[in-house]
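Here the structure comes first, spelled out in structure tokens, and everything after it is commentary.
In listed order, ligands and their atoms are each counted from 1.
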Amino acid sequence: MATTPTTTGRDALPHAIRHRFPLLERQVYLNSCSQGVLSDAVRQAYADYLRDWDDKGAPWEYWMERTESARSSFAGLVGADNDEVAVTASVSAGVNAIASGLRLDDGRDRIVVSDFEFPTVGQIWHAQEDRGFTIRHVPQGDAPVVPLEAFDAAIDEQTALVAITQVCYRNGACIDVEGVVKLAHERGALVLLDSYQAIGTMPIDVKALDVDLLVAGALKYLLSSAGLGFLYCKRDLVERLRPTATGWFADENVFAMDIQDYSPAHDARRFQAGTPPIPSIYAGIAGMGLMQEIGIAETRAHVLQLNETLFAGVDELGGTVVTPRDAASHGALVAIRSTDEHALVNALAGDGLLTSSRDGNLRVSAHCYNTHEDIEQLLAGLARHRALLA
Ligand SMILES: Cc1ncc(COP(=O)(O)O)c(C=O)c1O
């Protein structure tokens, strides 16, 4: 690791890397579920983008190399092959490309959407109602996680695709991905996994999970930038989906400049659209590289320890952790019930503690750079604002 690992003990990981993230000198940052902290590497990547543009004039070939490098970094992160990955500008762009490529003509007109989905996913699938699809929601009910039985009841032989989220952006709970994949595949349906709240916080292997499609973005735990997303599509599935949300960078030969027909690429590049988001790609390569250097399995182990400390502290304060506590059932994000979550986020921000909120809960999301002292400081803040805990 290109860092200065001087400290041993439970915070050896963050102490080795914190100097790469200047913001951490002035803030306790527990909001990586919204976006990661800017690192020296990503700042430098933006400077490199401007330098290359200035030095090279029109560096298209180099930009294409950078795009391939980002594709390959992401493929490496999820255990995919490069030709199974599309480089997009957002998760939404990837989901739109998939949705536009689904056809009604194979008799399957139903999309099953878990109640854990980020709004963009629900909205994109509902937009397909105009094309004749019907959307069936899988309710969370009173459980912290959408139960497998609810998927069992919702997925049928008419289902084209099941959209699930690996880690819920509201409460940090993990869906039983393997369980849903098994149910969906038994009934001939595809599975689209949104891993945005998981990637960078836990190892992901698309082949082991056996998902058909996976989307994620770079801004949060991949320490990168806004404006960059990725879509994995299982190789055998690529040519069964023919996107109508498309563009010249999805064409079989991008620089053929042919306006006479539509011939999408034979690999997952067919899910791309226009000019790739080059500045964000520079940042993405740097952020993903840094995250690989730091270690995703190491980050997972560290964050689980921080969350244990957080659970115990909230219990001591008499607060309510909404997130399921066992390690297999939660991501990095922890949700804590509040009487007024916006007031609590503001009060904590006044104390130099950066958090966020959703759905009546405070969201605390630690990452590789957070220490136990950060959690102790947050707990001290929660004690000061105890009246805002429910
Ligand atoms: C789980 C999840 N999916 C999707 C999104 C939205 O991604 P994008 O803005 O890249 O479309 C977010 C953003 O917070 C998210 O948390």
Side-chain angles (χ1 to χ4, degrees), residues 29-37 70 74 77-78 85-100 111 113-128 137-138 140 145-146 161-175 177 180 191-202 204 209 211 213-232 243 245 271-274 276-277 279-281 283-284 287-288 323 330-335 341 345 354-359 361-367:
Y29 191 87
L30 290 162
N31 192 26
S32 300
C33 62
S34 297
Q35 62 189 96
V37 174
F74 183 80
L77 280 173
V78 299
V85 171
V87 180
T88 64
S90 63
V91 162
S92 307
V95 177
N96 266 310
I98 295 161
S100 78
I111 308 292
V113 178
S114 96
D115 266 357
F116 267 12
E117 298 316 289
F118 194 80
T120 203
V121 173
Q123 289 156 8
I124 292 167
W125 288 117
H126 275 286
Q128 310 312 313
H137 282 261
V138 190
Q140 179 183 351
V145 188
V146 184
L161 180 143
V162 183
I164 53 172
T165 282
Q166 196 165 2
V167 174
C168 177
Y169 76 102
R170 285 185 275 115
N171 71 0
C174 294
I175 278 183
V177 177
V180 175
V191 175
L192 162 65
L193 181 64
D194 178 349
S195 291
Y196 205 165
Q197 290 291 341
I199 194 139
T201 74
M202 55 175 77
I204 296 176
L209 290 172
V211 290
L213 299 145
L214 177 145
V215 283
L219 176 62
K220 304 174 194 293
Y221 301 97
L222 288 184
L223 305 176
S224 300
S225 169
L228 181 60
F230 296 96
L231 158 61
Y232 156 78
F271 301 107
Q272 294 185 192
S280 311
I281 282 173
M288 288 187 282
T323 308
H330 74 273
L333 167 62
V334 171
E341 72 273 26
V345 168
L354 229 115
T355 58
S356 57
S357 66
R358 290 270 189 257
D359 223 20
N361 301 318
L362 179 75
R363 295 193 307 172
V364 178
S365 48
H367 200 12

Side chain of S225, backbone of G284: donor and acceptor closer than 3.5 Å?
no

Any donor and acceptor pair, going by atom type alone, linking the side chain of S32 with main-chain N or O of K220 inside 3.5 Å?
no

Just by modelled atom types, is the G229 backbone N or O under 3.5 Å from a matching donor or acceptor in the S90 side chain?
no

Residues around ligand 1, heavy atom under 4.0 Å from any ligand atom, sorted by chain and number. Can you pull those?
S90, V91, S92, F118, Y169, D194, Y196, Q197, K220

Spell out, as yes or no, whether a donor-acceptor pair under 3.5 Å connects the side chain of R363 to the backbone of Y169.
yes

Would L219 and Y196 count as a side chain to side chain contact (heavy atoms under 4.5 Å, CB included) here? Give the steps.
CA-CA 9 Å; L219 176 62; Y196 205 165; 3.2 Å; yes

When you measure from the side chain of D359 to the backbone of N361, do you find a donor-acceptor pair of N or O atoms at a distance under 3.5 Å?
no

